[in-house]
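What follows is a short report on a single structure.
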2 protein chains.
Amino acid sequence: MDQDKLIAPKRHRRVTAQDVAEAAGVSRSAVSRAFTEGAYLDEEKRERVRDAALKLGYRPNALAAGLQGGRSHLVAIFVGDMRNAYDTEVVTRLVGALNAIQKWPILIDGGGLSSVKEAMGEVLRYPLDALILRSGSMDPAIARECTKLHIPVISSGRVLNHPQIDNVCCRNAQGSQAAAQLLLDRGRQNFGYIAGPLGYSSSSARQDGMMRALAAAGLAPVAIEAGDFTVESGFAAAERLFERARLDALLCANDAMAIGALGAARARGIDVPADLSIVGFDDISMARWPGINLTTVCNPIDIYADKVVELLSARLADPEKPSDVAYIDTHLVLRGTH
Amino acid sequence: MDQDKLIAPKRHRRVTAQDVAEAAGVSRSAVSRAFTEGAYLDEEKRERVRDAALKLGYRPNALAAGLQGGRSHLVAIFVGDMRNAYDTEVVTRLVGALNAIQKWPILIDGGGLSSVKEAMGEVLRYPLDALILRSGSMDPAIARECTKLHIPVISSGRVLNHPQIDNVCCRNAQGSQAAAQLLLDRGRQNFGYIAGPLGYSSSSARQDGMMRALAAAGLAPVAIEAGDFTVESGFAAAERLFERARLDALLCANDAMAIGALGAARARGIDVPADLSIVGFDDISMARWPGINLTTVCNPIDIYADKVVELLSARLADPEKPSDVAYIDTHLVLRGTH
DNA sequence: TTGTAAGCGTTATCAG
DNA sequence: CTGATAACGCTTACAA
């Protein structure tokens with residue numbers, strides 16, 4: 001016991017390869033090899049090392065391994081605002097997809113943070129395998145800074161034109177054009193639109209798509225209001241719209257605002273879908289909840305996440321490859337509000 | 001240019017302290033000191049180093065710094081299932097709170113993962129500052145394994161009795177007892193309950209709280225069904241309940257299932273709250289959405305996350321301190337369904 | 001105040 | 001197949 005204290009100066013030193021080597025009666029390198037796939041090592045010896053490691057509770061220190069030159073297996077995900085339902089669902093899928101390929105996602109939530117840039121700066125001190133940007137309103141300067149550090153960047157939701165940045169992006173205009181067409185075919189004529197905040201490319205692209213469909217029918221939207229992508233803001237924007245004009249069709253830049261608008265319509269006694277069609281965008285999980293049952297444009301999240309991981313793997317395999325843009329096709333999901 | 005190629009063998013080597021030192025005409029240690037708060041270094045020199053660093057795009061490698069003995073500033077968050085709305089909100093707050101104190105959360109989502117244990121094993125190779133467990137059904141063996149590695153563990157949602165594990169936990173029974181009492185006071189007598197899956201301590205504690213209130217009034221629940229915490233399962237469970245019995249009060253183990261039950265009641269033409277009171281638990285953000293407006297027991301998420309971070313900081317400050325349990329008080333949120 | 005040198009725990013290289 | 005040895009990039013005594 002006394003001896004114990006003498007031998008272990010630091011109280012809770014992590015078990016190292018050295019310790020295991022001594023316990024198993026082999027060299028440090030043998031221990032390393034025992035844990036390296038396809039390294040030359042006598043099977044019996046490998047067995048012995050593994051046993052000793054298990055007994056001592058050893059596991060190779062990922063920090064040291066990462067330092068030594070290989071990959072850190074750390075991937076940062078920068079999220080614009082995790083309080084946004086769609087972003088949250090994307091992050092959830094992304095986390096799952098990354099976990100599955102043994103990449104460990106570090107999350108940074110711009111929504112809850114006062115100084116995003118500072119946080120990014122701190123996280124960039126880790127030699128990340130990659131950075132995933134999930135934000136419609138990310139300062140492109142930050143992305144460019146990452147490429148300077150030679151960290152692969154995957155931008156999701158907004159296409160950044162940079163030779164080192166891969167992008168995955170949904171065909172926004174196509175989706176909302178189809179949604180508008182659906183309502184036109186149903187005989188709707190008085191369209192309203194609830195946009196997202198200024199500066200979000202997805203919102204403006206979606207608005208453009210609607211405009212295009214309307215223009216082809218010789219129409220234009222009757223009224224447009226903007227929210228901030230939250231349910232509450234959708235509720236408020238819808239109320240303003242209902243004050244201003246008598247609509248029979250309402251398209252929204254995302255599902256959350258559409259759900260808010262649906263609440264506002266019901267509160268006002270408007271019959272949806274008999275008197276007013278409401279269509280969202282994204283197909284978040286709440287859209288299919290009983291009591292909401294929102295008709296919407298599906299922005300397929302799982303495909304999205306898989307695509308991000310695919311681009312990531314391709315980039316890691318060949319860091320010099322030209323940058324890529326993966327477009328995701330949308331499709332209409334007809335439920336009860338159109 | 002040719003020289004460039006000769007000097008830089010690896011194509012995109014990260015800028016190191018050495019590079020900065022050479023550029024600024026100082027020693028490596030001076031560079032290190034320039035970035036260390038409160039280290040002795042001539043102000044003019046520090047300026048010079050910082051300038052050179054900025055120009056070269058240098059930032060201290062966090063891996064190397066962490067290896068060197070200090071903290072890694074990495075914290076793993078293990079989530080039982082990120083597709084669960086409450087867990088997701090907790091994670092969001094946790095991420096924000098950790099980002100704010102410069103700890104970088106690595107997420108592992110048990111819900112999306114086939115082999116949770118394996119993933120945990122991989123992540124434990126990083127010398128984590130701490131591990132946060134957010135899961136009602138986590139295998140306690142995993143937690144114990146972490147304490148063996150001397151990694152502080154904070155368990156959230158279930159109290160683990162271990163000298164090295166800190167806990168934060170909401171007073172579940174208290175909350176649902178109050179909810180039941182509210183409905184008793186309103187004259188309700190025929191109570192139903194939608195429980196969570198077996199093995200979730202929160203669900204059973206909440207059920208106990210309700211039982212206690214009913215027992216005090218000489219009552220017992222009329223019917224109980226179980227779901228899996230999802231909206232869909234709440235919908236289905238409520239339908240089964242409505243088949244079995246005529247209820248005037250329905251308590252649910254969480255908000256998501258209550259929202260499902262609300263949908264089922266409406267689909268059946270039951271007037272909520274005139275003929276049936278429905279009360280949830282947690283107060284997730286959707287509970288206050290227009291069109292849902294759910295009366296519920298608030299399980300204050302922000303306090304929760306702050307508490308976790310508080311325990312974490314205390315533990316890091318004194319790794320030998322006795323383990324702690326922080327109980328979170330609930331309160332009723334009266335909205336439109338009671 | 002500064003530079004030198006010794007780790008931190010790995011993995012990769014290179015003789016044997 | 002295996003054991004030394006040299007990186008990896010940083011911090012921090014220690015000496016100047």
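Below, chain A is the first sequence line, B the second, and so on; all start at residue 1.
- The line from CD1 of Ile151(A) to SG of Cys146(A) is 5.5 Å long, rounded to the nearest 0.5 Å.
- Listed by first and then second residue, the salt bridge (Lys or Arg N to Asp or Glu O under 4.0 Å) pairs that reach into residues 96-121 of chain A are Lys103(A)-Asp129(A), sequence neighbours excluded.
- A rotation axis mapping the C1' atoms of four pairs onto the next four is fitted at both ends of the helix from dT1(C)-dA16(D) to dG16(C)-dC1(D) over five pairs, and the angle between these axes is 40° to 10 degrees.
- Among residue pairs with one or both ends in residues 29-41 of chain A, none qualify as side-chain hydrogen bond (donor to acceptor under 3.5 Å, both in side chains); sequence neighbours excluded.
- Protein atom CZ of Arg48(B) is 9 Å distant from nucleotide atom P of dT2(C), rounded to whole Å.
- Regarding Glu43(B), its CD atom lies at a distance of 10 Å from the P atom of dT2(C), rounded to whole Å.
- Scored by the side chain to side chain contact (heavy atoms under 4.5 Å, CB included) test, Arg59(B) finds Leu124(A), Arg125(A), Glu145(A), Leu149(A), Arg14(B) as partners (sequence neighbours excluded).
- Atoms OH (Tyr40(B)) and P (dA13(D)) sit 12 Å apart, rounded to a whole Å.
- Applying the salt bridge (Lys or Arg N to Asp or Glu O under 4.0 Å) rule to Asp19(A) yields the partners Arg13(A); only residues at least two apart in sequence or on another chain are considered.
- In this structure, CG of Leu41(B) is placed 13 Å from P of dT11(D), rounded to the nearest angstrom.
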Treat primed atoms plus P, OP1 and OP2 as sugar-phosphate and everything else as base, then score nucleotides 9-16 of chain C 5' to 3': B for base contact with protein heavy atoms under 4.0 Å, S for sugar-phosphate contact only, - for none. BBBSB---
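- Applying the side chain to side chain contact (heavy atoms under 4.5 Å, CB included) rule to Thr147(B) yields the partners Arg144(B), Val153(B), His162(B), Gln164(B), Ile165(B); only residues at least two apart in sequence or on another chain are considered.
- Partners of Arg315(A) by side chain to side chain contact (heavy atoms under 4.5 Å, CB included), not counting sequence neighbours, listed by chain and number: Pro152(A), Asp166(A), Lys321(A), Ser323(A).
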Expected list for residues 47-58 of chain A: side-chain donor-acceptor pairs under 3.5 angstrom, two or more places apart:
unit_1	atom_1	unit_2	atom_2	d
Arg48(A)	NE	Glu44(A)	OE2	3.4
Arg48(A)	NH1	Ala24(A)	O	2.8
Arg50(A)	NH2	Ala34(A)	O	3.1

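- Rounded to an integer number of Å, the gap from Asp19(A) CG to dC8(C) C1' is 13 Å.
- Phosphate proximity of dT2(D) to Lys45(A): present, with a side-chain N or O under 4.0 Å from OP1 or OP2.
- Between the CD atom of Glu37(B) and the P atom of dT11(D) there is a distance of 13 Å, rounded to whole Å.
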